[in-house]
Structures are given as C-alpha cells and as structure tokens.
Amino acid sequence: MNVVVFASRKGGSGKSTLAAHLGSYMAEHSRPTLLIDADPQGSLALWHRVRGSPDLTLHVGTKHLAATLAKARRAGAEWVLIDTPPNAEASVTEAIWHADLVVIPMRAGLFDIDAVQATIQMCRDLKKPYAVVINAAPARNGSTDPSVADARGAMQTLEVPTWSGQITHRPELTLSLAYGAGVSESHSGSAGSEEIGSLWRALTRSFEAIEAMTGKQGQSA
Ligand SMILES: Nc1ncnc2c1ncn2[C@@H]1O[C@H](COP(=O)(O)OP(=O)(O)OP(=O)(O)O)[C@@H](O)[C@H]1O
Ligand SMILES: [Mg+2]
C-alpha cells in the first residue's frame, strides 16, 4: 500500500487539485484507493461528494489516522492519497510521519520557492522521501518557461528532488473538478490528462525505487 501525502505550507499550490486528479486516475484504472481529507477546508471531501460514486473511498478528518491506514491495508487498498492543510499543525506532521512519499506541489515564483522550504525541512526532519511537483506552470510551447526553469534551478541548488515533468495551468483541470471528475475522465487523451498520467507513472517509479532501497513491500504497478 502506497501512502502519498500532499503537503505544502503554501496555500493554493495545488495539493487538493493533484490529489483529486490522481484519485480519479486511480479509479479509472481500477486501483483500490482511499482518499483522506485531513484539511478542515474540506476541498477533497467536497469533490468526492460531487462525484457521488463509490469507486473511491473517503475518510474525513485527522483523528485515528494509524487505525484508518491499518483498516485500508486490510481492505486491500493499493493507494492512499492524503490531502493536508497549508499550515504546520500537528495533523500535517502526523500525516507526513505516515507517508511513504510526500508530494509537494509548487508553483513557480519567488514566494512559492520560499514558502515550500518549511515543508521540505519537515520531510527531511522526519526522514521521509519527498518530491516537488511544479504545478500550474505556463504551457511549454516548445521550451520550458523561464519562470519554471528558474524554479528548477532553485530546487537543484537546494538539492531538492523535483519531478522532471510539470502540471500545466489548464482550465480543464479546474473545470473537471466541478463535476466531480478528473481530467483523465472528462478530457481523455488531452494534454492535461497525459500530464496526470505521467505524474502517476513517476510516482509508481518512485515507489519502486523506495521499495528497492528499504525492502518495503508495496503493491504498486
Ligand atoms: N494545474 C492547474 N491548472 C489550473 N488551475 C489549477 C491548477 N492547479 C491548481 N489550480 C487552481 O488553483 C486553485 C488552488 O488549488 P488547490 O485548492 O488545489 O490548492 P491547495 O494547495 O489545495 O490550496 P489550500 O492550501 O488552500 O488547500 C484552485 O482554484 C485550483 O482549481
Ligand atoms: Mg487544498
């Protein structure tokens, strides 16, 4: 069972967006998945309610996380996606403590690069594998946008593992969520759908690498 925590002190970086799109991708590919909304804002829970489908299980709240994960494991969940709030509350630390991998969505820009460092430090303190995912980036149009190149450079200087791909800023990523869907369901074959698919494949490869290093038995693809 792969536990992915979406965390960033920076509000609006895309934690809930990535959790929902990846959740829908898992459902579409019949991967037994538990979503945990550990953010009192309730964005992921709202999306799940609009979705109105039993293909993804949802747990809301921060209490009894260890028991919830143990129950999910017994029930055969392959993936657990935990959305967290943009702060440093104990619930975020606890979620990261249970993570096999922490995904830190980050927009390109000085303030975002600065804000993300507290979350990176938290992962380092807890000795958890983590990766920055550049989100809501300007479209590539043949070459990487200078703001994205700059953000990548900053991450490289700070020795922060960063996904080589990007999730581009696309209206369909917002629109599909309004219907309780993910972009791979509502806009199958679109560029946005391809990017979510490649993020999923990158996560899968990361889990394989983590398993190889730690000997942890997962059930990734
Ligand atoms: N790749 C994207 N393309 C288009 N819109 C996006 C993208 N990523 C995020 N957004 C939009 O940006 C806003 C903030 O995203 P989201 O709520 O996922 O961030 P968050 O990190 O969960 O925020 P919070 O910290 O407040 O929980 C939302 O309106 C969402 O639709
Ligand atoms: Mg959120």
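Scope of the values below: all heavy atoms of this structure, side chains included, with no hydrogens, waters or symmetry mates. In this text, all values refer to a predicted model and were calculated from it rather than measured experimentally. For ligands, and for the atoms within them, numbers begin at 1 and follow the listed sequence.
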Q. Is the ring centre of Y25 less than 6.0 Å from the ring centre of H21?
A.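 When the ring centroids of Y25 and H21 are compared, they turn out to be at least 6.0 Å apart.
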Q. Any chance the rings of W47 and Y179 have centres within less than 6.0 Å?
A.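 No, the ring centres sit 6.0 Å or more apart.
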Q | S43 touching ligand 1 at heavy-atom level, < 4.0 angstrom | A |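 Not so, S43 does not reach ligand 1.
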Mark up the atoms of ligand 1 that fall under 4.0 Å of a heavy atom belonging to [X], in ascending order.
X: P86; value: 25 (O)
X: R107; value: 9 (C), 10 (N), 11 (C), 12 (O), 13 (C)
X: I167; value: 1 (N)
X: S16; value: 18 (O), 22 (O)
X: A136; value: 1 (N)
X: D39; value: 27 (O)
X: T168; value: 1 (N), 2 (C), 3 (N)

Between [X] (side chain) and [Y] (backbone), is there a donor-acceptor pair under 3.5 Å?
X: K128; Y: W97; result: yes
X: H59; Y: I36; result: no
X: Q166; Y: P138; result: yes

Q.
Among T84, N135, N87, which one puts a heavy atom closest to atom 1 (N) of ligand 1?
A.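 Considering heavy atoms of T84, N135, N87, the nearest to atom 1 (N) of ligand 1 sits in N135.
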Q: Out of R170, E195, Q166, Q41, indicate the one that has the non-hydrogen atom closest to atom 26 (O) of ligand 1.
A: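 Among R170, E195, Q166, Q41, the closest heavy atom to atom 26 (O) of ligand 1 comes from Q41.
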Considering only the protein, which heavy-atom contact is closest to [atom], and what is its distance?
atom: atom 23 (O) of ligand 1; answer: G12 N, 2.9 Å
atom: atom 15 (O) of ligand 1; answer: T17 OG1, 3.5 Å
atom: atom 19 (O) of ligand 1; answer: G14 N, 3.1 Å
atom: atom 6 (C) of ligand 1; answer: T174 OG1, 4.0 Å

Distance only, no hydrogens: is a donor on one side chain within 3.5 Å (strictly under) of an acceptor on the other, for [X] and [Y]?
X: T119; Y: Q117; answer: no
X: R124; Y: Y130; answer: yes
X: T33; Y: E78; answer: no

Q) Does atom 29 (O) of ligand 1 have a protein heavy-atom neighbour under 4.0 Å away? A)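 Within 4.0 Å of atom 29 (O) of ligand 1, no protein heavy atoms are found.
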Q | The single option from D39, D83, D37 passing side chain to side chain donor-acceptor pair (under 3.5 Å) against S16 | A |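 Passing option: D83.
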(Q) Within 2.8 Å of the Mg ion (ligand 2), is there any N, O or S atom belonging to T17? (A)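 Here the distance criterion (N, O or S atom, under 2.8 Å) is not met by T17, so no.
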